[in-house]
Amino acid sequence: MKMKYWQEEIETASRETLDSLQSERLIATVKRVYEKVPMYRQRMDEAGVKPEDIKNIKDITKLPFTTKQDLRDTYPYGMFATDLSEVVELHASSGTTGKQIVVGYTEKDVHTWGEICARALVAAGADETDFVHVSYGYGLFTGGFGLHYGAQQIGATAIPVSAGQTKRQVTILEDFGSTILCCTPSYAMTIAEAVEQAGIDASKLPLKAGIFGAEPWTEEMRQYIEDKLKIKAYDIYGLTEVMGPGVSFTCEKQCGMHVNEDHFIIEVLDPETFDPVPDGTIGEIVFTCITKEAFPVIRYRTKDLGYITREKCECGRSFARMSKILGRTDDMLIIRGVNVFPSQIETVLLEQGFAPNYMLVVDRVKNSDTLEVQVEISADMFSDVTTALTAAERKLQIAIRELLGIQATVKLVAPNTLPRFEGKAKRVIDNRKLHD
Amino acid sequence: MAIKQLSIFVENKSGALADITGILAENSVDLRALSIAETQDFGILRLIVNDTEKAAKVLRDKNCVVNITEICAVAVPDTPGGLASVLRILADANIVVEYTYAFISNSKKDAYVVLRINEHDLATAEKLFREKGIREINESDIQSL
Ligand SMILES: [Zn+2]
C-alpha cells in the first residue's frame, strides 16, 4: 500500500506542536543526564547551569557542548545514561584519528532508530512490497542496521548484503530483485559502474530508488547516480554518536533533509564563535538527542557544515530541513590560505562533464601549496586531437580558479586507475603533513 | 574513401605503451602505422591496424579509452616536395590539417601520408584530391600492406 508518510501526525505537525514537544523532551533529557552521567553533571556545574534553568528549547544555548573527544575520554561506557543491563545493542565509531567511541541502544532506542529510517524509506516510496538492499557495512559501525530495522518496521524485505564484493552486489540486484539500494554515494557509483561493465541495462533492473548517505556528496553526483542506475536517489544523514543513519532524510521534493525533530534538536552555529546563526546561513551542525535512553548526546558538535530552513516543505512535512553537508570542518583544506572543500571541486568536475572519479593531491613546493586534481578521462570526452584534451584540462583549471581563486593543475588519467570506494571515499592526499 | 584510425589515451608512465601494444599482439592485431602525440602528462597513441573493430574491442575490455576516427590518407610521390604539394592544395582551400604522419607503402615510388582533416572539410578535400590526381588510399590498400 502506497503511503505518503510513515507517521503522518508527527511528520506534518505544526511548528508550535514540535516546539512544545521539543521543550518538554529537552527538559526531561537534561534532568536525566544530569542525574545519570557524571560528565554532563560536571560540565553543567562548571558552566553554572542547573537542570531547572532549562525551561524551553530556547534555553538550549545555556548548555555546554559535547565533542568527540569527550566521548573518547569517557570510553567505553562513561556517557551511558541507563544501566548497562537495559542496553540491547552496542555500536562503535571507528577511530580513524584516535580511540574509537562506543554507543549503546535500549530496546526503545533500537525501535526509534528503525522508526526514523522507516520514515526515510517511506519518503523514498517504500512500502511492504519492497526489497531493501542494504550495502552499508554490517558490523560495529552503525552502517546498515537502522535501515534494516526500518525496512522491517514497514514490512518490507531487508536484504543485509553489507558492503563489498561488488560483483555479488550486482548479482543480488538482478536475482533478488532489489527495489531500493542503500549505501554510500561512492559505493553507489562503484556499483553503477559494475552494472555497466556487466553489460546490464540498468533500466531493466527492478531497482527504483536509492537511499545514500554517510558522506558528503553533491547535487551533481546525485544526478549522475540517478542517470547511471536509472533510479531516484535520496539522501539520508546521520552519525553514530547521535543515532546512526536516519537522523534526517530527503523527501520526493529533494529540497533538503528533513530532521526527525521529535527525536533530535538541530542547531547551526558559527564555527568560530559558536553562536547560533540565522536559518539559511552556513555553520557547524549541532545535535541534541531528546528521546534517546542509553546514549543521549547534548549539543554534540558534528563538525559537519550546512544550513537549515524551517519553512514547511511542499511534501507536507513540517520537520526542519538541513542542506546537504557542504563539507566537514575536518575535510576542509587550506590551500594558500583559501578554504577548499573537496565537494566544491566535485561540483566543478561534474559540471564540466567529467565522471566523479577524482583525487586531490596537495603538496608544498618551495613554501607554496600546490593542488593537483587528478580525474579520469571518459570515453565520450576523449578525442584523437591533443588540443581538444588540453582544452578540456584548461577549461577545468579556469573553472576551479574562478570558483576557489586558486590555481590548480589538472591531470587527466586513464579510466579505472583511481581508487574506488566501498564505504566512505577518501579523495584527498595531503603530502604536506609528511614534511611537518 | 577514408580509412579508420584508432586513437588511445596513454598516461605518461613507463610501461603504458608496452601494455597497449602487448594487448594487441596477444590478440594478433597487426600494426600498419603508429604515431604518438604527447603533452606534459598524457599522450594519444594513433594506430592504423589490420582489424580496427577487434583492436578497439580488446582494448576497451582492458579499460582503455579508445576512439575510432575516419581519417584521410593519400599516396604521395616519394620525391622532394611530394608532401608539400599536397599540403599546399589544402592550404589554398583553407582546409586545416590537425596532424599528419607518414608510413611506408608497398610501392617504392610512394609514401602513404595520414591527413587528419575536420569532418566538415573532408568532402571538399577528397574532391580536390580527385581533381589533382592524388590517389587516396583505402582499406584494401591497408590490408595489402
Ligand atoms: Zn519534504
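Here is the naming used below: chain letters follow the sequence lines, and residue numbers restart at 1 for every chain.
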Are more than 12 heavy atoms from other residues, nucleotides or ligands located less than 6.0 Å from atom CZ of B:Arg88? no
Residue pair A:Thr386, B:Glu98: steps toward the side-chain contact (heavy atoms from CB on, under 4.5 Å) verdict: CA-CA 9 Å; A:Thr386 338; B:Glu98 296 274 2; over 6 Å; no
Taking every heavy-atom pair that is under 4.5 Å apart, which of A:Thr387, A:Leu389, A:Thr390 has the most such pairs with chain B? A:Leu389
Heavy-atom contact with chain A under 4.5 Å, split by part of B:Leu6: neither
Check each atom of B:Val66 against the heavy atoms of chain A and say whether the ones under 4.5 Å are side chain, backbone, both or neither. backbone
Under the 3.5 angstrom rule, does the side chain of B:Glu11 hit a backbone N or O of A:Val413 as a donor-acceptor pair? no
Distance-only, no hydrogens or angles: does the A:Asp384 side chain make a donor-acceptor pair with backbone N or O of B:Ile68 under 3.5 Å? no
Heavy-atom distance under 4.5 Å to chain A: side chain of B:Phe9, backbone, both or neither? both
Proximity breakdown for B:Gln40 and chain A, heavy-atom pairs closer than 4.5 Å: neither
Among residues 41-49 of chain B, those lying within the under-4.5 Å heavy-atom range of chain A are B:Asp41, B:Phe42, B:Ile44, B:Arg46
Ranking A:Met381, A:Glu393, A:Lys411, A:Gln197 by heavy-atom pairs under 4.5 Å to chain B gives rank one to A:Glu393
Of all heavy-atom pairs between A:Phe382 and B:Val65, which one has the smallest distance, and what is that distance? CB-CG1, 3.3 Å
